[in-house]
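From a predicted model like this one, the values you see are computed outputs, not experimental measurements. Note on naming: letters A, B, ... go to the chains in the order of the sequence lines (proteins, then strands), and numbering restarts at 1 for each one.
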Number of protein chains: 2
Amino acid sequence: MKRDIEIAQAVEATTMKPINEIGAKIGLQANDLENYGQYKAKLTYNAIKQVKDKPQGKLVLVTSINPTPAGEGKSTISIGLADALNKIGQKTVIALREPSLGPVMGMKGGATGGGQAQVIPMEDINLHFTGDMHALTTANDTLAALIDNHIQQGNELNIDPRRIQWKRALDINDRALRQIVIGLGGPTSGTPRQDGFDITVASELMAILCLAEDISDLKQRIANITVAYTYDRQPVTVADLKVQGAITMLLKDALKPNLVQTLEQTPAFIHGGPFANIAHGCNSILATKMALGLGDIAVTEAGFGADLGGEKFMDIAAPAIGHTPDATIIVATVRALKYNGGVPVAELTNENLTALKKGFANLRRHIKNMQQYHVPVVVAINAFSADTAAEIKLLQDLCAELGVQAINTEVWAKGSAGGIDLAKAVTEALKQPAEFTPLYDRQDSVENKINAIVQKIYGGKHVEFSNKALQNLKLINKNQWQDLAICMAKTQYSFTDDQHVLGAPEDFTIHVREIIPKTGSGFLVVLTGSVLTMPGLPKKPAALNMDVDENGVISGLF
Amino acid sequence: MKRDIEIAQAVEATTMKPINEIGAKIGLQANDLENYGQYKAKLTYNAIKQVKDKPQGKLVLVTSINPTPAGEGKSTISIGLADALNKIGQKTVIALREPSLGPVMGMKGGATGGGQAQVIPMEDINLHFTGDMHALTTANDTLAALIDNHIQQGNELNIDPRRIQWKRALDINDRALRQIVIGLGGPTSGTPRQDGFDITVASELMAILCLAEDISDLKQRIANITVAYTYDRQPVTVADLKVQGAITMLLKDALKPNLVQTLEQTPAFIHGGPFANIAHGCNSILATKMALGLGDIAVTEAGFGADLGGEKFMDIAAPAIGHTPDATIIVATVRALKYNGGVPVAELTNENLTALKKGFANLRRHIKNMQQYHVPVVVAINAFSADTAAEIKLLQDLCAELGVQAINTEVWAKGSAGGIDLAKAVTEALKQPAEFTPLYDRQDSVENKINAIVQKIYGGKHVEFSNKALQNLKLINKNQWQDLAICMAKTQYSFTDDQHVLGAPEDFTIHVREIIPKTGSGFLVVLTGSVLTMPGLPKKPAALNMDVDENGVISGLF
């Protein structure tokens, strides 16, 4: 069986089109594009402005059940669906997140779809791409250096070094940098203090880049970031440090959406990449707006399960886009549902209707959750070769009981040809009325908003706040930040905050350990359970398999 | 008076040529170039191979006196000289280093020449450019994470966490990261140990990128890096960790030289950027080879004064290029020499022949130093408006006593028109015989090689090794690394290791505090005095003045 990178490289060598041709398919002129090599481009600010004013197409959101080691393939389905929609004559543009190098080097090895449903050039997209992640890392850490330098040079703003909220960042899985002490070595090397690195995709700058309307909005949001508190507990912002101009300058190109193509030449905007477990999990709103303005249908994806990325898309991203989804696709696999039903990975290739039915509880809850938003739901079954006809039939019947179509989809093996049925079902769904209803009212109290998510989405019963979280709440209310949106940080593997609890548990408690106000991105990050904002590498990192030959050709990238 | 960025932006808006046209001037086809926007490109590996086989032009090395707060303008002269050489009909290509964001955000605000002698697009080159620095930072820190992860996952190689030589890196001036403790927070967050960040331009990967012949050489050098020692003091290399493939992969594009243009459309390769005080201080040998293969004359620059960048070019870079300089230009200013003669900055605009004569001692030593290599020397006087005719005459007379022409040069104010005399003098110098003689024999002992540099270049008398340095020497000899080249790390402001001692001091001692074997780049870094491998930000960082407007137009970058 061919590896993803081999499939991608074969297409890259033959049918990949110059990016200007891809742009031309959706009405972009050569001078709308800033080329990064022949196959990647950023949109100019002028083009972005023009596209924002165009009439918008329909918005399709792709999300999924909780991820399992069995594999779900949300990006694969998103890409294959977009290719199939184009195949049946619907002008479709896709908007996805950029991969983070941390997981690429760690477990994943790549994050650009799979099989016959990929975005290309996959090597570039998975590695440095157009430099957006690196610009974010640099901006993040330049700001951190400016904060410590302010203290070093006299600390005019009276910043309390024990209360600096701004952490450093790298786009690397590096557990050893989670908790560190900096500023050692005497007076010329700073003030000793506790600090830590987050992965760049969990940073507030990433969230801001993904939520900003334009450069002015980006700069205003950066100015609003609370980086620290004074000794008398007043917030200190980037505006107080007077460096919003410099930090925004470092992101001026990163803010422009990147255009690439799928294996079947569907235009794809790949831009912004916040994780959905510890950040808001959706590509930039500018990328989605470009897809909406340039396509009759825009397909976008929300990270991890519908409990995380899905909820955050509905309650954080959609209001910022100003366009709520017109249809929601939930990706599931027979394998992953059997795993949810208690089958170990090694036995997933055996037919097991009982386990499938049991594990379906996970999908059922995600379907009901998404239905709460009053947007039509379709289930995409990402087909694996070991799936039996009986299993697929059972899964479709179970979905039908909820009034939802479940479409068997073979885009991994067949590309668009394997997604025609799904494309047709989505086209039908888009004809149904979508009357979006938000989950919570921003003006409600922080506790009530968190409770709404825990009870209506996770299916939990109680929320327990740690002492630290209770202190955070006081600070939030004191500073009148209570109207911000909620960005839950929770394990992606479970509806609960314990990654080992599969299926659709009930009556559980969510433990809130800390609430961090992100006044630039405009939400409160609610850390639950033991979720970490800096991942670690596994025993055998994917990096061990990677190589490049004397001509620059890569291998081992998945 | 117009700022550099205003001059650059005016040209960028009018006479800047698409990079393919610049390439065409020196015989590069469109398919030799990988475009990064319309005005920047990297050479393909295929083009690099072809150019390496071409007959080479003459090599002009530009270096200078010790830098002072008065300003010298080495890049400005390099750029203006190349423009002037083209103007008088000599096909000239330039090779320079990439700016580091640390100093750009700190003191410098930009490093792409000045006035009418700049490389453009200056905003891009000074910020993220084509991502080379970021690729290096990422590769450096991915390797660091892989080392700590190896220890975390069982430490099969028996790495002593107290003896890890590989430091983390950021392309930021951040003194608070010089000395840190990482791995705190308990068993899931690594092993606590002392660590630190260097600025990326001081990293061994930067040196390797600048010295590598091609990808295979890059990979071999990366495999050879000594990252740590075992509990029984055996070296641990990247090859032992089996990640040379992954780290090389992250640098596969960064290795390709970047092509841009000057304000007068001279082709310029801007590639690699090691500092000369703490690293080897020359752009990549690939960039210089490209300039040599594509031009009749290649102009390149060695960082800081001739005691640092100049010496390292001769003894480290030139052997790697396989082409020693055919002429050496030493840049000086009347202002800086008067400063060396004891005049405070505020009084430098007053004529002062006595101080000029006294401060000339600094230039005299640099001239004599460079003459030791038996390459013709020309002095370029970078003209400032306050220079008097008497001062320039005195300076020229003093140089004439050493048999060296000193040419008054006005490229900052007039572009190529201000550099015609210098261009003619250089053309004449290139007709003289250059019989390169290296300063030291690589097979000599480490102590003797360091002594040769201290006595023959710095003019010092003794070398004092700290106890740590003596231990380092033992380890170096034990591992048979004594034949490596020497890369001195010393303040750029003085021939001594004390930055406050100006002019041409004698009878001083150089204090060697540590010697770090860099088995990938192939040299021993000799840390002297209190030189730091991570700079700090000043009280008023340049970042405070930077901004970007709603169309992405930058200000304050200068």
Is it the side chain or the backbone of [X] that comes within 4.5 Å of chain B heavy atoms, both, or neither?
X	value
A:Leu170	side chain
A:Asp141	both
A:Lys42	neither
A:Asp217	neither
A:Leu537	both
A:Lys40	neither

Top contributor to chain A contacts, counting heavy-atom pairs under 4.5 Å, from [options]:
options	result
B:Asp214, B:Thr188, B:Thr248	B:Thr188
B:Gly131, B:Pro538, B:Gly102, B:Gly536	B:Pro538
B:Arg175, B:His150, B:Lys256, B:Gln38	B:Arg175

Please determine, among [options], the option with the most heavy-atom pairs under 4.5 Å with chain B.
options	value
A:Gln244, A:Arg168, A:Arg193, A:Lys49	A:Arg168
A:Ala254, A:Ser189, A:Pro192	A:Ser189
A:Gly190, A:Pro541, A:Ala145, A:Gly186	A:Ala145

Could you tell me which portion of B:Asp195 (side chain, backbone, both or neither) has an atom closer than 4.5 angstrom to a non-hydrogen atom of chain A?
-> neither
Describe, in one word, how the ring planes of A:His134 and B:His134 are oriented to each other, choosing from parallel (under 30°), tilted (30 to 60°) and perpendicular (over 60°).
-> tilted
Ignoring hydrogens, what is the shortest heavy-atom contact between [X] and [Y]? Give both atom names and the distance.
X	Y	value
B:Ala176	A:Ile182	O-CB, 3.3 Å
A:Lys252	B:Asp124	NZ-OD1, 4.3 Å
A:Ala543	B:Ala246	O-CB, 3.3 Å

For A:Ile172, which of B:Thr137, B:Thr142, B:Asn140 qualifies under side-chain contact (heavy atoms from CB on, under 4.5 Å)?
-> B:Thr142
Please determine which of B:Thr130, B:Leu250, B:Leu251 meets the side-chain contact (heavy atoms from CB on, under 4.5 Å) test together with A:His128.
-> B:Leu250
